[in-house]
A.B. asks: 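Starting off with a structure, shown below.
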Amino acid sequence: GPDLVCTLPVRVVVPTTEAMHTLGEVLASELTGGDVIVASGELGAGKTTFTQGIGQGLHVSEPVISPTFVLVRRHDGVGGHPGLIHVDAYRLGSLAELVDLDLDETMDSSVTVVEWGAGIAEELASSYLGVQIDRTANPEDDIRIVYLTPVGPRWQGVDLGFLSVLTPDD
Ligand code: ADP
Ligand code: MG
């Protein structure tokens, strides 16, 4: 198959919850059916908050809430936008369990976001966007640093650098 193309991460400073929503929303305008996002970062980092922003950008009709207990939530596409498949892989031990969720049939027409997917979800797709969300040493801080790492042929020639200068809309 094609060699994996791995570009340098785009670093985004995200000061507030609203700014995280905005980041996901603006990123969504670049996304298309079949895209896979592998979101990582500790509990409370903002993976679900970021996914809510993607849901806003895709105009999904239901609120995007954490699929912690159901493992996967599917949001239908609206108005020609791709749908959203939102997976929480925290309690999944392997790629096999992820594949058991039967994502394949709908993935081509949806954006798939896998929280806690690092080390598992990359094998789902030849290309994916890694989204690493870091907190500061101070647990009181709202500020997050997000690293967007595009991997694979789908992202070749796609410049996400504009996201690093995103200004919060609040
Ligand atoms: P995760 O899915 O990574 O466990 P959540 O998105 O569920 O994290 O929770 C993140 C929490 O942190 C939310 O309550 C959110 O409002 C809050 N928060 C504060 N500042 C930020 C920020 N800059 N980015 C994202 N979330 C933030
Ligand atoms: Mg979450």
Side-chain angles (χ1 to χ4, degrees), residues 9-31 35-76 81-95 97-103 106-107 110-125 128-151 160-170:
V10 172
R11 180 179 180 277
V12 190
V13 178
V14 181
T16 64
T17 298
E18 266 318 298
M20 188 65 86
H21 284 152
T22 301
L23 175 62
E25 184 174 10
V26 174
L27 174 65
S29 65
E30 297 293 311
L31 299 175
D35 284 348
V36 174
I37 293 177
V38 178
S40 51
E42 66 182 66
L43 187 70
K47 302 179 293 298
T48 298
T49 304
F50 168 78
T51 309
Q52 287 166 347
I54 290 182
Q56 285 172 23
L58 297 178
H59 302 273
V60 303
S61 43
E62 321 85 6
V64 173
I65 57 175
S66 178
T68 303
F69 298 105
V70 294
L71 303 185
V72 59
R73 272 209 174 80
R74 292 176 172 81
H75 301 268
D76 289 337
H81 296 281
L84 174 64
I85 300 176
H86 186 189
V87 181
D88 189 320
Y90 185 72
R91 291 180 300 149
L92 294 182
S94 67
L95 177 66
E97 289 176 64
L98 192 52
V99 169
D100 279 350
L101 296 176
D102 264 340
L103 304 177
T106 40
M107 274 179 74
S110 304
V111 170
T112 301
V113 179
V114 187
E115 297 190 35
W116 301 104
I120 300 179
E122 293 90 342
E123 294 179 54
L124 267 181
Y128 61 91
L129 180 65
V131 176
Q132 166 73 41
I133 306 175
D134 287 350
R135 306 187 68 149
T136 66
N138 179 358
E140 311 279 287
D141 277 352
D142 279 353
I143 193 165
R144 308 287 195 264
I145 310 294
V146 178
Y147 295 93
L148 303 163
T149 306
V151 178
L160 296 176
F162 73 98
L163 293 168
S164 69
V165 292
L166 205 63
T167 41
D169 65 358
D170 57 353

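We count ligands from 1, going down the list as the structure has it; atoms in each ligand are counted the same way.
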A.B. asks: Applying a heavy-atom distance cut-off of 4.0 Å, which protein residues contact ligand 1?
C.D. replies: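 Ligand 1 is contacted, at a heavy-atom distance under 4.0 Å, by Val14, Pro15, Thr16, Thr17, Met20, Glu42, Leu43, Gly44, Ala45, Gly46, Lys47, Thr48, Thr49, Glu115, Asp142, Arg144.
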
A.B. asks: With distance as the sole test, does Asp141 use its side chain to make a donor-acceptor pair with the main-chain N or O of Ile143 at under 3.5 Å?
C.D. replies: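 Not at all, since once roles are kept as given, no pair shorter than 3.5 Å links the two residues.
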
A.B. asks: Could you tally the protein N/O/S atoms lying less than 2.8 Å away from the Mg ion (ligand 2)?
C.D. replies: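 Count of protein N, O, S atoms less than 2.8 Å from the Mg ion (ligand 2): 2.
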
A.B. asks: So do the side chains of Thr16 and Asp142 get within less than 4.5 Å of each other, counting heavy atoms only?
C.D. replies: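 Contact flag for Thr16/Asp142 side chains = no.
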
A.B. asks: Can you tell me if Arg144 uses its side chain to pair, donor with acceptor, with the backbone of Ala45 under 3.5 Å?
C.D. replies: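 Checked: pair present.
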
A.B. asks: Give a yes or no on whether Phe162 atom CZ has more than 12 heavy-atom contacts from other residues, nucleotides or ligands under 6.0 Å away.
C.D. replies: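 Enclosed.
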
A.B. asks: Taking only residues at least two apart or on different chains, which pairs with a member in residues 49-58 satisfy side chain to side chain donor-acceptor pair (under 3.5 Å)?
C.D. replies: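 Sorted pair list: His21-Gln52.
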
A.B. asks: I'd like to know if the side chain of Lys47 reaches the main chain of Glu42, judged simply by a donor and an acceptor atom lying under 3.5 Å from each other, with no hydrogens or angles considered.
C.D. replies: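 Side chain of Lys47 to backbone of Glu42: a pair is present.
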
A.B. asks: Measure from the side-chain N and O atoms of Arg91 to the backbone N and O of Thr68, and report whether any donor-acceptor pair falls under 3.5 Å.
C.D. replies: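 Checked: pair present.
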
A.B. asks: Once side chain to side chain donor-acceptor pair (under 3.5 Å) is applied, what residue pairs with a partner in residues 113-125 remain, sequence neighbours excluded?
C.D. replies: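 Those involving residues 113-125 are Thr48-Glu115, His86-Glu115.
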
A.B. asks: Please test Ser164 against Arg11 for side chain to side chain contact (heavy atoms under 4.5 Å, CB included), starting from the C-alpha separation and ending with a verdict.
C.D. replies: CA-CA 6 Å; Ser164 69; Arg11 180 179 180 277; 5.9 Å; no

